[in-house]
Amino acid sequence: MSKVVVMDHPLIAHKIGIIRKKETGTREFRDMVSEIGALITYEATKDLKLQDVEIETPICKTTVKELAGKKLAVIPILRAGLGMVEGVLTMIPSAKVGHIGLYRNEETLEPVEYYCKIPKDCSERDVFVVDPMLATGGSAIAAIQMLKNRGVKNMRFLCVIAAPEGVKKLQEAHPDVDIYIGALDEHLNENGYIVPGLGDAGDRIFGTK
Ligand SMILES: O=P(O)(O)OC[C@H]1O[C@H](OP(=O)(O)OP(=O)(O)O)[C@H](O)[C@@H]1O
Ligand SMILES: O=c1cc[nH]c(=O)[nH]1
Ligand SMILES: [Mg+2]
């Protein structure tokens, strides 16, 4: 079964508090989502493998650590996942970036695919799939399946807010994908929105409502 890591950090808690407020405007919301994306990435990269490398400082020869392989990619689920990309890239600037387009049908809550473009060598990379919201889990499950169908093997899923229902469904569907969560909320309401949540993440990032 996959690992579920819920963040336990004052900076993340503070910033999530800001984006939950209904009066927080687009600019601040977008900045916060990006910063939270960076902080979750910091936590989600704690177990990356290192290797020893011989180097010379201006003083002497020594051994330093560097990331083994360094092959990472970040793949946001459009639209809202785009809000986390800049933050992820501040932590891992050399990561390649793919995109998956999915939206939830508002009546059925089923994900609808409309785009997929990923780096060619994703099957050799550790892939970070990002989306601020994990609600029913339908979008994350579909996105990860799209990537598996294209040969991607090593994935982790990063989100800002998750509902227990979505975490359970995602774990059942993809037990090989670890999940990193900014805050684990109470439940979903009758419209499939996370409670207390923050409303529609995409609309709040892009100012479309
Ligand atoms: O877990 P689920 O029930 O699938 O819900 C979560 C999805 O819903 C939101 O996207 P939305 O459909 O609003 O698309 P958008 O990002 O384009 O606004 C969110 O960004 C997730 O992708
Ligand atoms: O609460 C929710 C659920 C799905 N998508 C969102 O943007 N917010
Ligand atoms: Mg949306």
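Start at 1 and go down the list; that is how both ligands and their atoms are numbered. Sequential numbering from 1 along the given sequence is applied to the chain's residues.
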Does any N, O or S atom in D203 come within less than 2.8 Å of the Mg ion (ligand 3)? no

Count the heavy atoms of every other residue, nucleotide or ligand shown that sit under 6.0 Å from OH of Y103, and state whether that count exceeds 12. no

Distance under 4.0 Å to a non-hydrogen atom of G138: what atoms of ligand 1 satisfy this? 1 (O), 4 (O)

Y193 ring centre to R104 NZ or CZ under 6.0 Å, with the angle to the axis within 45°? yes

Among the clusters formed by ILVMFWY side chains lying less than 4.5 Å apart, do I179 and M146 turn up in the same one? yes

Which ligand 2 atoms are under 4.0 Å away from a heavy-atom of G192? 3 (C)

For G202, the ligand 1 atoms with a heavy-atom partner under 4.0 Å come out as 18 (O)

Can you find a heavy atom in the side chain of E43 that is under 4.5 Å from one in the side chain of K46? yes

G202-ligand 2 polar pair, N/O distance under 3.5 Å: no

Which part of T136 is near ligand 1, with near meaning a heavy atom under 4.0 Å away: side chain, backbone, both or neither? both

Presence of salt bridge, D185 and R20, under 4.0 angstrom: yes

Atoms of ligand 1 close to L78 [distance to a heavy atom under 4.0 angstrom, numbered from 1]: 16 (O)

Where is the nearest protein heavy atom to atom 5 (O) of ligand 1: which residue, which atom, and how far? R104 CD, 3.2 Å

For atom 2 (C) of ligand 2, what is the nearest protein heavy atom, given as residue, atom name and distance? Y193 CD2, 3.4 Å

Give a yes or no on whether a salt bridge exists between K65 and D52, defined as a side-chain N under 4.0 angstrom from a carboxylate O. yes

Selection from I194, D200, V195 by shortest heavy-atom distance to atom 1 (O) of ligand 2: I194

Would T208 and R79 count as a side chain to side chain donor-acceptor pair (under 3.5 Å) if you check the C-alpha gap in whole Å, the side-chain angles of each, and the deciding distance to 0.1 Å? CA-CA 11 Å; T208 40; R79 288 175 302 167; 3.1 Å; yes

With a 6.0 Å cut-off (strictly less than), is the heavy-atom count around CG of D8, excluding the residue itself, greater than 12? no

When you compare ligand 1 with A140, is there at least one nitrogen or oxygen pair between them that comes in under 3.5 angstrom? no

Under 4.0 Å from atom 10 (O) of ligand 1, can you find at least one protein heavy atom? no

Shortest protein contact, atom 21 (C) of ligand 1 (heavy atom only): D131 OD2, 3.0 Å

The Mg ion (ligand 3) - closest N/O/S atom in D200: OD1

Any salt bridge linking K168 with E172? Criterion: basic side-chain nitrogen under 4.0 Å from a carboxylate oxygen. yes

Looking at R156 and D176, is there a salt bridge between them, counting it only when a charged N and a carboxylate O are closer than 4.0 Å? no

Examine I141 and V177 and state if one hydrophobic cluster contains both, with Ile, Leu, Val, Met, Phe, Trp and Tyr joined whenever side-chain heavy atoms are less than 4.5 Å apart. yes

Indicate if L184 and V160 have the same hydrophobic cluster label, given that clusters are the connected sets of ILVMFWY residues with side-chain heavy-atom separations under 4.5 angstrom. no

Quick check: are there more than 12 heavy atoms from other residues, nucleotides or ligands sitting under 6.0 Å from NE2 of H187? yes

Ligand-residue contact atoms, ligand 2 with A201, heavy atoms, under 4.0 Å: 6 (C), 7 (O)

Out of all atoms in ligand 2, which are within 4.0 Å of some heavy atom of R104? Include the element for each. 3 (C), 4 (C)

Backbone or side-chain N or O of S139 under 3.5 Å from ligand 1 N or O: yes

Students should be able to answer this: which protein heavy-atom is nearest to atom 6 (C) of ligand 1, and at what distance? M133 O, 3.5 Å

Mind checking the OG1-OH spacing from T90 to Y42? Nearest 0.5 Å is all I need. 12.5 Å

Contact (N/O only, under 3.5 Å) between A135 and ligand 2: no

Any nitrogen or oxygen of L109 lying under 3.5 Å from a nitrogen or oxygen in ligand 1? Just yes or no. no

Checking a contact table here: which protein heavy atom is nearest atom 17 (O) of ligand 1, and how many Å away? R79 NE, 3.0 Å

In plain terms, say whether R204 and D200 are close enough for a salt bridge, that is, a side-chain N and a carboxylate O under 4.0 Å apart. no

Sub-3.5 Å N/O-N/O distance, M133 and ligand 2: no

With atoms numbered from 1 as shown, which atoms in ligand 2 lie under 4.0 angstrom from a non-hydrogen atom of G199? 1 (O), 2 (C), 6 (C), 7 (O), 8 (N)

Numbered in order shown, the ligand 1 atoms found under 4.0 Å of a heavy atom of G137 are 1 (O), 2 (P), 3 (O)

Give the residue and atom name of whichever protein heavy atom lies nearest to atom 13 (O) of ligand 1, and the separation in Å to one decimal. D200 OD2, 3.6 Å

Is A80 in polar range of ligand 1, meaning some N or O pair under 3.5 Å apart? yes

